[in-house]
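Working notes, structure below.
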Amino acid sequence: MPQLTPNALLHAALDCAARGWHVHPLRPHAKGSALHGERACPQTGPCADGHRKWEQRATTDPDRIRTAWSTGAYNVGLATGPSNLLVVDLDIPKATDSADAPCGATNFQALCERAGRPWPATYTVRTPSGGLHLYFHTRSRLPNTAGTLAPHIDTRAWGGNIVAAGSHTPHGTYTVDVDHAVAELPDWLHSALDTPPVPSGSGRLAPLLVPGQSSRRAHVALQRETAQVAGTGEGGRNQRLLEGARALGRFVAWGEIPRHVVEEAFQAAGDAAGLAPGECRTTIRSALDWSIRTARPQQTA
């Protein structure tokens, strides 16, 4: 694995801050926050008046950034909301998807064509998996979404974290793919994402729109379960995530909702609750595997 020096990552963090983007340190070679969680909060310094989450502590202050990155080769996280950014995350199909499943970029191109607009020219980062992060400027308080626009398309805004260019994981490096000025969020995309705002740090999840191939009852169940996960406090979050994902597995088994939609929605809910991304993925996968395997036939349920 290539070893990125603290200086290289510090430069990446300072470059983001110079653009007005609020940064916070991520664990070396990983995507999880390097800042302390609520359970380990010392209740001193920036948390003297109560625990402050990573979004609240993200900064553009060069001195604070130099101090943080002087202690290790931390990856660079961007708090999209405070940075007035909305980042569209175009992912590639997972190994569990069908062989002909379109990638996020293909689906996004179809959305552009449907809106009668070209692919936006904007600052773009390529992820180690081959996906793309499209950066847009907006002052609207938009929520995160998971699969709302189309399969394999997520968005990160208020409450969202994105890994910045220059960061490195075991799968590779995040690199600038299009070094263009950040474009304003297109009107057609804003309209598609404009849902009632959720106060930052509330622990609540924004209303989730599920693609049309899902049944109404599966949609309602997903909204209910993800909202409960997002609102669960420390000490019971992982268990609630396990229970919620198990409750949705039967709908996946019955073909009433795609598995990737459920996975992405619970991943966003776990993030809103403060769970580590890796912990979320493991719990969701295990819960869905169990529930799908043990689901009763639909007519007897």
Side-chain angles (χ1 to χ4, degrees), residues 1-35 53-92 104-105 120-138 142 144-146 153-185 200 267-268 271 276-278:
M1 178 190 304
Q3 295 297 312
L4 272 68
T5 66
N7 282 342
L9 290 162
L10 169 61
H11 178 77
L14 290 172
D15 178 68
C16 290
R19 297 171 183 260
W21 301 343
H22 292 238
V23 300
H24 62 105
L26 305 179
R27 293 192 298 272
H29 305 296
K31 298 190 288 185
S33 179
L35 300 176
K53 296 182 178 181
W54 57 264
E55 184 177 45
Q56 298 167 297
R57 295 177 61 187
T59 184
T60 59
D61 184 335
D63 291 334
R64 288 180 57 193
I65 293 170
R66 291 189 183 94
T67 297
W69 267 266
S70 68
T71 61
Y74 298 113
N75 274 341
V76 182
L78 287 181
T80 45
S83 303
N84 294 319
L85 291 174
L86 181 136
V87 176
V88 178
D89 181 3
L90 306 178
D91 207 353
I92 60 172
T122 192
Y123 180 87
T124 304
V125 172
R126 186 167 294 277
T127 71
S129 67
L132 295 172
H133 291 165
L134 311 183
Y135 285 52
F136 295 101
H137 177 266
T138 180
L142 296 170
N144 298 323
T145 67
I153 300 179
D154 298 341
T155 63
R156 296 289 175 262
W158 282 94
N161 173 62
I162 208 78
V163 182
S167 300
H168 187 84
T169 72
H171 303 291
T173 302
Y174 289 76
T175 59
V176 177
D177 191 68
V178 179
D179 195 5
H180 194 284
V182 175
E184 290 294 324
L185 183 66
S200 178
Q267 189 73 34
D271 181 68

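Remember, it's a predicted structure, so these values are computed and weren't measured experimentally.
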Is there a donor-acceptor pair closer than 3.5 Å between any side-chain N or O of [X] and the backbone N or O of [Y]?
X: Thr124; Y: Thr122; answer: yes
X: Glu55; Y: Gly159; answer: yes
X: Thr173; Y: Thr175; answer: no

Could you check whether any side-chain heavy atom of [X] comes within less than 4.5 Å of a side-chain heavy atom of [Y], counting everything from C-beta outward?
X: Tyr135; Y: Val125; value: yes
X: Thr80; Y: Leu86; value: no
X: Val87; Y: Phe136; value: no
X: Asp154; Y: Asn144; value: no
X: Leu26; Y: Val163; value: yes
X: His133; Y: Thr127; value: yes

inquiry  = By the definition side-chain contact (heavy atoms from CB on, under 4.5 Å), identify the one residue from Thr67, Asp61, Thr60 that meets it with Arg64.
reply    =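 Among Thr67, Asp61, Thr60, the one meeting side-chain contact (heavy atoms from CB on, under 4.5 Å) with Arg64 is Asp61.
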inquiry  = Could you work out, with salt bridge (Lys or Arg N to Asp or Glu O under 4.0 Å) as the rule, every residue matching Asp177, not counting sequence neighbours?
reply    =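 By the salt bridge (Lys or Arg N to Asp or Glu O under 4.0 Å) rule, Asp177 matches Arg126.
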ask   = Taking all non-hydrogen atoms of both residues, which atom of Gly81 and which atom of Trp158 are closest, and how far apart?
value =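 So the two residues come closest at O-CZ2, 3.2 Å.
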request  = For residues Ala79 and Pro82, report the shortest heavy-atom separation together with the two atoms involved.
outcome  =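 Reported closest heavy-atom pair: O-CD, 3.4 Å.
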Give the table of side-chain donor-acceptor pairs shorter than 3.5 Å for residues 12-24, with sequence neighbours excluded, one pair per line with atom names and distance.
{"unit_1": "Asp15", "atom_1": "OD2", "unit_2": "Arg19", "atom_2": "NE", "d": "3.3"}
{"unit_1": "His24", "atom_1": "NE2", "unit_2": "Asn161", "atom_2": "OD1", "d": "2.7"}

task = Starting from the C-alpha separation in whole Å, work towards a yes-or-no answer on side-chain contact (heavy atoms from CB on, under 4.5 Å) for Leu9 and Tyr74.
result = CA-CA 7 Å; Leu9 290 162; Tyr74 298 113; 5.8 Å; no
message = Evaluate Val76 against Trp69 for side-chain contact (heavy atoms from CB on, under 4.5 Å), listing each step before the verdict.
response = CA-CA 9 Å; Val76 182; Trp69 267 266; 4.0 Å; yes
task = Verify side-chain contact (heavy atoms from CB on, under 4.5 Å) between Lys31 and Asn75, making sure each step is shown before the conclusion.
result = CA-CA 7 Å; Lys31 298 190 288 185; Asn75 274 341; 5.8 Å; no
query = Sequence neighbours excluded, which residues qualify as side-chain contact (heavy atoms from CB on, under 4.5 Å) partners of Ala121?
reply =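 side-chain contact (heavy atoms from CB on, under 4.5 Å) list for Ala121, sorted by chain: His180.
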ask   = Taking atom CG of Asp89 and atom CD1 of Ile162, what is their separation to the nearest 0.5 Å?
value =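 Nearest 0.5 Å value for the CG-CD1 distance: 5.0 Å.
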